[in-house]
Amino acid sequence: MSLKKKLLMFACAALVACGVFALSGCAQNSQQDAAQESTEQASMRIGTMQTEDSLPFWVAEQEGLYGANGVSSDVEIVTFQSAQELSTAFAAGEIDAAMTDVQQAAALQLSGVDVQLPWVTMGADASQGRFGIMTCPESGITSLADLAGKGIGVGSNTVPEYVMDKLMESAGVPDDQIVSEEIKKMPVRYESMVNNQVAAAALPASLLALGEAQGMVLLADDTQGDNISQSVLAVRGGWLEEGGAATLDIVRDAWNQAVDEINTDPEAYRALLVEKANLPELVADTYAISTYPEAALPTKDMVQPVLDWMLDKGYLVEALTYDEGNGTFSKAE
């Protein structure tokens, strides 16, 4: 073979090799770009109050679960001192999600904020979460029937009020004999009950436990019978549309991992619960740590009765219906 032909063949081979390397480089760059996009998710700010309902979020934060499986996500848990502050921040877009209840989520929806409920944070069954009605020994009250016509300390349009109405209804007390004394602040409500300034008080689990430790009288709670109280994660629909859906998937996986760890060894997270939920010192060592549910959409049986109750009480100016297929609200036709 002539030298000229050999040089020509060599040149052709070099060109082919360059093409292969170029294609390989493009593919590698494309893979790197895709990997970078997969790890750059929208940030997420989750608002909550100091409540046991959010323990899996705090466990996921402590254990680094939001960055598990090679995917990092900027997730921040923001604590608020009142439900009003939490709802205001949600409506203003200062947070992307909120650990809240159906009442607050429905009110936000009617205020013009698109809300979705991706999962139940507590209350998948009656044993999870606890609300009840408590009185002091000096009141002389021994049953819910004794409370007919007497003032019960409670906050309007709240889970404790909803549970109070349902428990009183189950006890056969007529609606017009259920008397609510508006006391928004939980500590004030509790002290009013302890000092016999109200006949009884509708309270959440931590204050019921404190009352039991201090010799108060638990008249009834919602851990038996029908499952009537839930807390939920509410997410802004606008945030989801702006790229938040992928981050929500990461947070859902982290939630489920945290739930598994808590349910397997709840005592391992007692100190974290006491700190974050601000449990009273008197019950810090004995407080019963709840189990938590894996992420699942709230059912219509959980949400619609609350919406109907809100409408009957005048807390909703328009009727809402709940679609359990996608966790959204819509105005009733």
Side-chain angles (χ1 to χ4, degrees), residues 47-54 78-92 94-95 98-111 113 115 121-123 129-136 139 141 144 147 149-168 175 178-211 214 216 218-222 228-232 234 276-280 306-307 309-317:
T48 182
M49 294 175 62
Q50 291 179 298
T51 170
E52 64 181 313
D53 308 54
S54 289
V78 184
T79 302
F80 292 85
Q81 297 303 311
S82 72
Q84 181 60 45
E85 291 175 357
L86 179 64
S87 293
T88 299
F90 187 96
E94 295 171 1
I95 54 176
M99 200 300 299
T100 186
D101 52 51
V102 173
Q103 286 90 333
Q104 292 295 321
L108 285 163
Q109 180 70 39
L110 276 186
S111 75
V113 182
V115 178
T121 55
M122 184 174 280
R130 182 188 183 207
F131 294 88
I133 302 175
M134 180 167 274
T135 189
C136 70
S139 71
I141 294 167
L144 294 181
L147 286 174
K150 298 178 181 177
I152 305 172
V154 71
S156 57
N157 196 21
T158 61
V159 175
E161 186 191 23
Y162 178 72
V163 171
M164 178 191 75
D165 281 359
K166 291 298 181 182
L167 290 176
M168 295 288 279
D175 285 349
I178 303 174
V179 180
S180 298
E181 292 282 347
E182 183 73 16
I183 308 176
K184 285 285 188 187
K185 295 181 179 180
M186 290 285 189
V188 177
R189 188 187 312 169
Y190 179 79
E191 290 300 325
S192 296
M193 179 273 298
V194 169
N195 296 322
N196 202 23
Q197 295 170 341
V198 290
L203 300 166
S206 59
L207 290 178
L208 292 177
L210 178 62
Q214 293 182 328
M216 300 300 110
L218 178 67
L219 297 173
D221 66 29
D222 65 347
I228 57 176
S229 66
Q230 289 80 35
S231 56
V232 295
K276 295 295 189 178
N278 196 28
L279 291 181
V306 179
L307 299 178
W309 171 83
M310 292 177 70
L311 187 65
D312 289 341
K313 301 283 282 192
Y315 298 141
L316 290 181
V317 295

Q.
Quick one, Leu86 with Gln104, criterion side chain to side chain contact (heavy atoms under 4.5 Å, CB included). Give me CA distance, side-chain angles, the key distance, then yes/no.
A. CA-CA 10 Å; Leu86 179 64; Gln104 292 295 321; over 6 Å; no

Q: Please step through side chain to side chain contact (heavy atoms under 4.5 Å, CB included) for the pair Leu208 and Arg130, ending with a clear verdict.
A: CA-CA 8 Å; Leu208 292 177; Arg130 182 188 183 207; 3.9 Å; yes

Q: Might you work through the side chain to side chain contact (heavy atoms under 4.5 Å, CB included) test for Leu203 and Met193, ending with a clear yes or no?
A: CA-CA 10 Å; Leu203 300 166; Met193 179 273 298; 4.1 Å; yes

Q. Please walk me through it: do Trp309 and Asn157 pass side chain to side chain contact (heavy atoms under 4.5 Å, CB included)?
A. CA-CA 9 Å; Trp309 171 83; Asn157 196 21; 4.0 Å; yes

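Listed here is the closest heavy atom pair of Leu207 and Met134: O-SD, 4.3 Å. Pairing each heavy atom of Ala106 with each of Leu316, the nearest pair is CB-CD2, 4.4 Å. Of all heavy-atom pairs spanning Glu52 and Ala205, the tightest one is OE2-CB, 3.4 Å. In terms of heavy atoms, Val115 sits closest to Gln109 at N-OE1, 2.9 Å. Gly47 approaches Phe80 most closely through the heavy-atom pair CA-CE1, 3.8 Å. Listed here is the closest heavy atom pair of Asp221 and Leu167: O-CD2, 3.7 Å.
Under the 3.5 Å distance criterion, the side-chain polar atoms of Thr79 are left unmatched by any main-chain donor or acceptor of Gln50. Put simply, the side chain of Ser139 never gets that close to the backbone of Asn196: no donor and acceptor are under 3.5 Å apart.
With contacts defined as side-chain heavy-atom distances shorter than 4.5 Å, the pair Tyr315/Glu161 qualifies. Contact annotation: the side chain of Gln103 approaches that of Val159 to within less than 4.5 Å [non-hydrogen atoms, C-beta and beyond]. Counting heavy atoms from C-beta on, the side chains of Thr48 and Lys276 never come closer than 4.5 Å. Using a 4.5 Å cut-off on side-chain heavy atoms (C-beta onward), Val78 and Glu94 make no contact. By the 4.5 Å heavy-atom criterion applied to side chains, Met186 and Pro160 are counted as neighbours. Here the side chains of Ser231 and Met99 are in contact, with some heavy-atom distance below 4.5 Å.
Here the CG-CE distance, from Asp222 to Met164, works out to 13.5 Å after rounding to the nearest 0.5 Å. The line from CG of Leu210 to OH of Tyr190 is 3.5 Å long, rounded to the nearest 0.5 Å. The CE atom of Met168 sits 4.0 Å away from the CD1 atom of Ile152 when rounded to the nearest 0.5 Å. Taken to the nearest 0.5 Å, the OG1 atom of Thr135 stands 10.5 Å off from the CG atom of Leu144. Once rounded to the nearest 0.5 Å, the distance linking CG of Asp101 with OG1 of Thr158 reads 8.0 Å. Atom-to-atom distance recorded for Thr51:OG1 and Met122:CE is 7.0 Å, nearest 0.5 angstrom.
Remark: Tyr162 engages no residue in a side-chain hydrogen bond (donor to acceptor under 3.5 Å, both in side chains) (not counting sequence neighbours).
For Gln84, the CD atom sits in a loose shell: 12 or fewer heavy atoms of surrounding residues, nucleotides or ligands are nearer than 6.0 Å. Atom CG of Asn195 has more than 12 neighbouring heavy atoms from other residues, nucleotides or ligands inside a 6.0 Å radius.
Within the structure, every pair that satisfies the salt bridge (charged side-chain N to carboxylate O under 4.0 Å, His left out) test and touches residues 182-207, not counting sequence neighbours, is listed here: Glu182-Lys184.
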